[in-house]
Amino acid sequence: MNSFKPESITFSKGDLIFSEGDMGSVAYMITKGTVNIVKQIHGINNVLATLGPGEIFGEMAIISKNPRVAGAEAETSCTLMVLTAKLILTLLKKSHPTVFHLTRVLAARLATANKNITENRSGNIWMTMCRLLDLKYRIFTNSPDPDKDFGVNYKEFCSELTTIINISESEVERMITAACSFNLIKKSKMVSRVYLSIIDPEHFLEVSETLSNDVNRFVGNNCYSEYVDIQDFSDMFDSLPELIYKKIGVGDFPEDICVLHKGATVKWAEKKGDDYFQENKRKRKSIEELEGVNDIVFVDIGTLKQVFSRLGYYKLGILLTIAEEDGRDRILATISEKIANAITKESKGLDAIDQNEADEVEEELLEIIREIKSGNRE
Ligand SMILES: Nc1ncnc2c1ncn2[C@@H]1O[C@@H]2COP(=O)(O)O[C@H]2[C@H]1O
């Protein structure tokens, strides 16, 4: 009688089980939950299959002795039974040699098929999601639906998107989380349903396009939990976000501006030493404490993008003229170079500014920031 008892292992939702390209000495059988088999193309995760209880994965590396042809991620929390190489090979060797040979041939064919599937898939899943959401939101705002006040049904949207593009629900969730953190959309809960609404429909697609590279990079490549934003990062080192932005501005920082990989940035920051993030320490202000244009250094870039697009070039020109160095840097870090050139060309000198008008524009700036921020907190 065989006393063999396989080991069980558990993973939380979103955890990486193994990566594409790893060498593999074990396979897994799912006893609970679901697992996504994922493959990267253009730096973006493509879901090849979602496997459930009773299904086996990770066997190909053992059969072919090649690196893992795809990665595996826990789509939900899951329990897996570990099947060792010894067990798999013993089972296979017990079968007819032709079956053993056929298994190897099939493993090689599947690896080639995967390569073709992923290389033919389009890259920008973020913009596909934004366009679909924009379309559904327009339909929703123009229809005399009883749900009219609530927004696009999140669950329905999620399921449509996973059908249209080959991605998992957890990938959609990560993109929705990103869209919320950039203040592009907000989630609201009514009874047991969750609804999505676009905060600034007029500029939604334009702002999404601007953020596209950053979002695809962090949604596609890695688990969300591996990332920190600038605010988290400055908290971790007891610094201030505006100081971090300054470091980015002078090119003294890793390139990834929007989100930073926790492991990589911590390593890099430790090398820089304790004092590096401590210069010019200034008290951070909450949204309620903002007093004028120079305080926009305390507001995140995603919100400022929306605020500036609502204010328009003329008023932005006034703000640029009256702002001090930090405020100006913040404005210029938020808008594109083309817009910055157009505005700087047209902006009047400080002497030519009507003080009353400037005060009104500054007040309007703060009002819009508060409106967007309070909308997100609801
Ligand atoms: N197209 C696919 N459909 C389902 N499972 C797959 C597919 N491609 C690869 N796999 C599984 O994903 C695993 C990745 O690691 P392995 O290469 O060891 O073994 C692979 C298979 O078990």
Side-chain angles (χ1 to χ4, degrees), residues 4 6-95 98-123 125 128 159 161-174 219-223 226:
F4 157 80
E7 181 199 343
S8 253
I9 177 164
T10 55
F11 289 91
S12 304
K13 179 176 172 174
D15 277 354
L16 186 68
I17 300 167
F18 56 71
S19 302
E20 180 179 345
D22 284 355
M23 293 314 287
S25 58
V26 292
Y28 300 92
M29 178 151 86
I30 305 172
T31 43
K32 211 176 95 205
T34 50
V35 168
N36 281 330
I37 302 296
V38 294
K39 198 163 169 66
Q40 292 222 341
I41 180 82
H42 309 313
I44 292 168
N45 264 0
N46 291 256
V47 177
L48 295 178
T50 301
L51 309 177
E55 291 188 278
I56 292 177
F57 64 95
E59 77 297 345
M60 282 169 66
I62 296 171
I63 297 166
S64 65
K65 296 196 170 60
N66 285 326
R68 302 275 191 204
V69 296
E73 279 180 16
E75 198 202 31
T76 62
S77 63
C78 58
T79 309
L80 310 177
M81 196 187 282
V82 180
L83 309 173
T84 59
K86 194 171 165 205
L87 172 74
I88 305 245
L89 293 172
T90 310
L91 290 175
L92 275 174
K93 278 176 187 156
K94 276 189 189 157
S95 57
T98 323
V99 175
F100 194 19
H101 175 69
L102 263 179
T103 318
R104 284 186 179 228
V105 171
L106 287 175
R109 283 205 188 135
L110 186 57
T112 312
N114 283 347
K115 200 161 171 268
N116 292 338
I117 293 169
T118 52
E119 280 176 5
N120 289 333
R121 208 185 93 166
S122 120
I125 53 175
T128 308
S159 115
L161 195 63
T162 50
T163 316
I164 295 170
I165 43 176
N166 183 21
I167 59 170
S168 67
E169 286 200 11
S170 56
E171 278 178 291
V172 178
E173 263 172 41
R174 277 183 240 161
V219 169
N221 281 348
N222 285 283
C223 297
E226 285 180 2

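Just follow the structure's listing: the first ligand is 1, and inside any ligand the first atom is 1.
For the pair R68 (side chain) and G58 (backbone), a donor-acceptor distance under 3.5 Å is present. Here the side chain of T79 pairs no donor or acceptor atom with the backbone of K32 at under 3.5 angstrom. Between the S12 side chain and the D15 main chain, no donor and acceptor come within less than 3.5 Å of each other. One N or O on the side chain of K39 and one on the backbone of V69 form a donor-acceptor pair closer than 3.5 Å. Under the 3.5 Å distance criterion, the side-chain polar atoms of T76 are matched with a main-chain donor or acceptor of T34.
Counting the atoms of ligand 1 from 1 in the order shown, those under 4.0 Å from a heavy atom of A49 are 3 (N), 4 (C). Shown in contact with F57 at under 4.0 Å from a heavy atom are these atoms of ligand 1, numbered in order with element: 22 (O). Close contacts of ligand 1 with F18, meaning ligand atoms under 4.0 Å from a residue heavy atom, involve 14 (C), 15 (O).
Under the 30°/60° scheme for interplanar angles, the aromatic rings of F11 and Y28 are found to stand perpendicular.
An N or O contact shorter than 3.5 Å links V69 to ligand 1 by distance. The shortest N or O to N or O distance between G58 and ligand 1 is below 3.5 Å. Inclusion of I62 in the set of residues having an N or O under 3.5 Å from an N or O of ligand 1 is not warranted.
Looking at A61 against ligand 1, both its backbone and its side chain come within 4.0 Å, counting heavy atoms. Residue contacts with ligand 1 for E20 are absent, since no atom lies close enough (heavy atoms, distance under 4.0 Å).
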